Every structure is written in C-alpha cells, then in structure tokens.
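None of the values given here were measured: they were computed from a predicted structure. Both counts, for ligands and for their atoms, begin at 1 and track the order of listing.
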Amino acid sequence: MSMKLPMASSLHNLPSLVSFLGNAQRIVFLTGAGMSTESGIADFRSTTGLYAGGVDKSVFDIEVFDRDPAYFYRFARTFLDTIRQARPNAGHFAVAALATEFRKDVCVCTQNIDALHQEAGISAVFPLHGTLQTFHCRKCREPVESRPIWSAVAAGEIPQHGGCGGILKPDIVFFGEPLPQDVYAAAETAVRQADLLIVAGTSLAVYPAAALPACRTDACRLVIINRDSTPLDFQANLVFHESIGSVLQGAVDRLRKT
Ligand code: OAD
C-alpha cells in the first residue's frame with residue numbers, strides 16, 4: 001500500500017500569504033529572472049531559459065568581454081531589444097500595489113536589469129546586478145548615457161567612446177565583477193529590517209545575491225514563489241511552485257477584499 005505525501009504547498013496556501021501580507025509592515029522582495037518571464041524575457045536556468053537555449057554563461061564574463069566584446073554584442077543585439085520592449089506584468093504591478101495602495105514599506109532587491117519593477121511604479125529598488133541605463137568606457141572609464149547607444153547596438157555595431165575610442169560596456173554586473181557595494185549594503189540592511197521576505201523568480205544559484213535571505217532575523221517570515229524548487233524551500237514558511245503573476249495578483253486581489 002502506498003500513501004501520497006501531502007503537497008509541499010501550492011495555491012491553497014494563498015490565504016496564509018494574504019494574512020502574512022496584511023500583517024507585515026516591512027516587506028522585502030528578492031527577485032530574479034523568473035519575475036520577468038511573464039513579460040516575455042527568458043530566464044537563465046530553467047528548461048526554457050537562455051542557458052538551455054544554447055547561450056553560454058561566458059557571454060556575461062568580464063574577461064571574455066574585454067577579449068572579444070563582439071561576442072557579447074552579437075548576443076545583446078536581440079537580448080537588449082527584448083528587454084527594451086518588455087512591459088511590467090501582473091507580478092510587478094502586485095508588488096507595486098503593496099506599496100502604493102496598501103501603504104506597506106516595500107523594497108525590492110532585484111537581480112534583474114530590466115527596470116520593470118520601477119516601471120510598475122515602485123521606487124525603492126536595489127538593482128543588485130546593475131543597470132542598463134548607463135554604459136561606461138572600458139578605457140577611460142567615463143560614464144555614458146545609454147540612449148544613443150541602443151541604435152548602434154541594434155545595428156550590429158560595437159559601441160565605442162566618442163572621445164578615446166574605448167569599448168563601451170553597459171553597467172550591468174558581469175561574472176568576475178563586484179556588485180555595486182552601496183546597493184548591496186542597502187539591500188542587506190533592508191533584509192535585516194524586514195518582517196516579511198518574499199523570494200520570487202530566482203534559482204538562488206548566484207552569490208552574493210543568494211546570500212541575502214540569510215540576513216533576515218528570526219522574526220522575519222520567508223515566502224518563496226518559484227516554479228522550480230530552490231535551496232531555501234526547506235526554510236520557508238510558505239512555498240509556491242507556481243507562476244509569480246498568479247500568486248501575487250491572487251494575493252493582492254484577496255487583500256483588497258479583506
Ligand atoms: P534563474 O534563471 O537562475 O532562475 C529563475 C527561476 O525563476 C527559475 O528557478 C524558474 O523556475 C523560476 N521562474 C521562471 N519563470 C517563473 C514564473 N513566471 N513564476 C515563478 N517562477 C518562475 O535566474 P536568476 O536566479 O535571476 O547574472 O539568475 C541569477 C543570475 O544568474 C542573473 O542575474 C544572471 C544569471 O547569470 C548575471 O548575468 C551576472
């Protein structure tokens with residue numbers, strides 16, 4: 001005779017999430033690429049992600065970039081265009097609603113470079129892996145605004161600094177580069193002060209971002225919303241192996257009715 005194990009968790013846990021959200025004052029989100037798949041941007045490590053689709057991890061390696069920037073820019077031509085055309089999805093709007101509508105103290109620590117959280121209307125965002133808003137020159141280090149560079153990249157060019165001719169690189173964090181220290185420190189402080197930490201759409205495979213949940217206090221509840229299981233599922237108060245959009249929008253809709 002066999003016995004079915006109870007499901008670890010699922011949408012039947014939505015009422016508990018609604019209660020956590022209702023009771024929390026300081027809510028921190030740690031988000032990753034899965035936050036934006038419902039906006040049409042592929043993630044990295046799931047079965048439909050960039051790596052499974054043949055993109056090599058070295059495309060974001062700083063040594064490879066400095067040796068052969070064309071390798072990154074060939075990939076970036078479509079990748080950056082997809083990001084530029086993407087719009088926030090139900091999950092991004094639900095996160096923003098918690099701050100704007102429910103007056104929660106919400107901040108988002110994100111590994112994403114797409115700025116979709118900000119576009120959805122939330123300003124307290126810590127972009128752990130940098131931003132596409134600016135580039136800098138690898139030779140003279142001068143920062144350069146991104147807008148004029150997009151069309152060059154889209155046309156298949158490798159953007160160069162108008163003054164010194166050095167190669168321009170977007171200010172996103174490549175493997176082999178440090179994270180922006182002030183941003184990471186602010187994220188750590190936010191997690192330490194949180195009473196609810198929601199990890200959404202990240203495999204928690206990349207450090208130091210994956211270490212942030214360890215900064216939470218014992219009083220902080222941990223919720224994980226991720227299609228695939230993560231190394232922290234066993235520590236979480238609630239785990240949803242579901243779509244972020246449906247979980248967060250579902251929770252916020254229910255919160256509106258309480
Ligand atoms: P990953 O691709 O490693 O993980 C994304 C996770 O999101 C996967 O575990 C999916 O199961 C889950 N997921 C995808 N769509 C989802 C959805 N709609 N609802 C719920 N879950 C969903 O992405 P990250 O953890 O963000 O770094 O990757 C971390 C870093 O690795 C990235 O910032 C990038 C990458 O290499 C650099 O490029 C430096």
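In terms of polar-atom proximity, defined here as any N/O pair under 3.5 Å, R45 does make such a contact with ligand 1. Taking only nitrogen or oxygen atoms, main chain and side chain alike, G32 does not reach within less than 3.5 Å of ligand 1. Of the polar atoms of T202, at least one N or O is found under 3.5 Å from an N or O of ligand 1, judged by distance alone. In terms of polar-atom proximity, I244 is counted as a contact of ligand 1, with an N or O under 3.5 Å from an N or O of the ligand. Between Y51 and ligand 1, at least one N/O pair is under 3.5 Å apart. Annotation: A33 places an N or O atom under 3.5 Å from an N or O atom of ligand 1; distance criterion only.
Taking 4.0 Å as the cut-off, S243 counts as a neighbour of ligand 1 on heavy-atom distance. Residue contacts with ligand 1 leave out A205, since none of its heavy atoms falls under 4.0 Å from the ligand. The closest approach between E242 and ligand 1 falls below 4.0 Å for a heavy atom of the residue.
At a 4.0 Å heavy-atom cut-off, ligand 1 touches E38 through the side chain alone. Proximity of F44 to ligand 1, defined as any heavy-atom pair under 4.0 Å, is shared by backbone and side chain alike.
Looking at atom 3 (O) of ligand 1, its nearest protein heavy atom turns out to be S203 OG, 2.5 Å. Of all protein heavy atoms, the one lying nearest to atom 11 (O) of ligand 1 is D228 OD2, 2.6 Å. Nearest to atom 13 (N) of ligand 1 among the protein's heavy atoms is G34 CA, 3.6 Å. The shortest contact between atom 30 (C) of ligand 1 and any protein heavy atom is with V206 CG2, 3.7 Å. If you check which protein heavy atom lies closest to atom 5 (C) of ligand 1, you get G201 O, 3.5 Å. Looking from atom 21 (N) of ligand 1 to the surrounding protein, the closest heavy atom is R227 N, 3.0 Å. Annotation: atom 29 (C) of ligand 1 to nearest protein heavy atom, Q111 OE1, 3.2 Å.
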Criterion side chain to side chain donor-acceptor pair (under 3.5 Å) on Q118 and S123, from CA distance to verdict: CA-CA 6 Å; Q118 294 92 323; S123 52; over 6 Å; no
Stepwise side chain to side chain contact (heavy atoms under 4.5 Å, CB included) test for L232 and V199: CA-CA 9 Å; L232 287 192; V199 173; 5.6 Å; no
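Linking Ile, Leu, Val, Met, Phe, Trp and Tyr residues whenever their side-chain heavy atoms come within less than 4.5 Å leaves L212 and F44 in two separate clusters. I225 and L255 fall within the same hydrophobic cluster, where Ile, Leu, Val, Met, Phe, Trp and Tyr residues are linked whenever their side-chain heavy atoms come under 4.5 Å apart, directly or through other members. Under a hydrophobic clustering in which Ile, Leu, Val, Met, Phe, Trp and Tyr are joined whenever their side-chain heavy atoms come within less than 4.5 Å, directly or via other members, V106 and V18 fall into the same cluster. Neither V173 nor Y71 shares a network with the other; the hydrophobic side chains, linked directly or stepwise wherever heavy atoms of I, L, V, M, F, W or Y lie under 4.5 Å apart, form separate groups for each.
Taking a cutoff of 4.0 Å between a charged side-chain nitrogen and a carboxylate oxygen, R87 and E119 qualify as a salt bridge. Checked for salt-bridge contact, D66 and R138 meet the test: a charged N lies under 4.0 Å from a carboxylate O.
Counting heavy atoms only, H129 comes closest to atom 33 (O) of ligand 1 of the residues K57, H129, E177. Checking V173, I224, I41, N226 against atom 12 (C) of ligand 1, the nearest heavy atom belongs to N226.
For F175 and F60, the ring centers sit 6.0 Å or farther from each other. The six-membered or imidazole ring of F174 lies near that of F72, with a centre-to-centre distance under 6.0 Å.
Counted by atom type alone, H241 and S229 present zero donor-acceptor pairs between their side chains at under 3.5 Å.
Heavy-atom proximity to T37, at under 4.0 Å, picks out these atoms of ligand 1: 14 (C), 15 (N), 16 (C), 17 (C), 18 (N).
Residue R147 qualifies as open at atom CZ: its count of foreign heavy atoms under 6.0 Å is 12 or below.
K104 approaches G22 most closely through the heavy-atom pair NZ-O, 2.8 Å.
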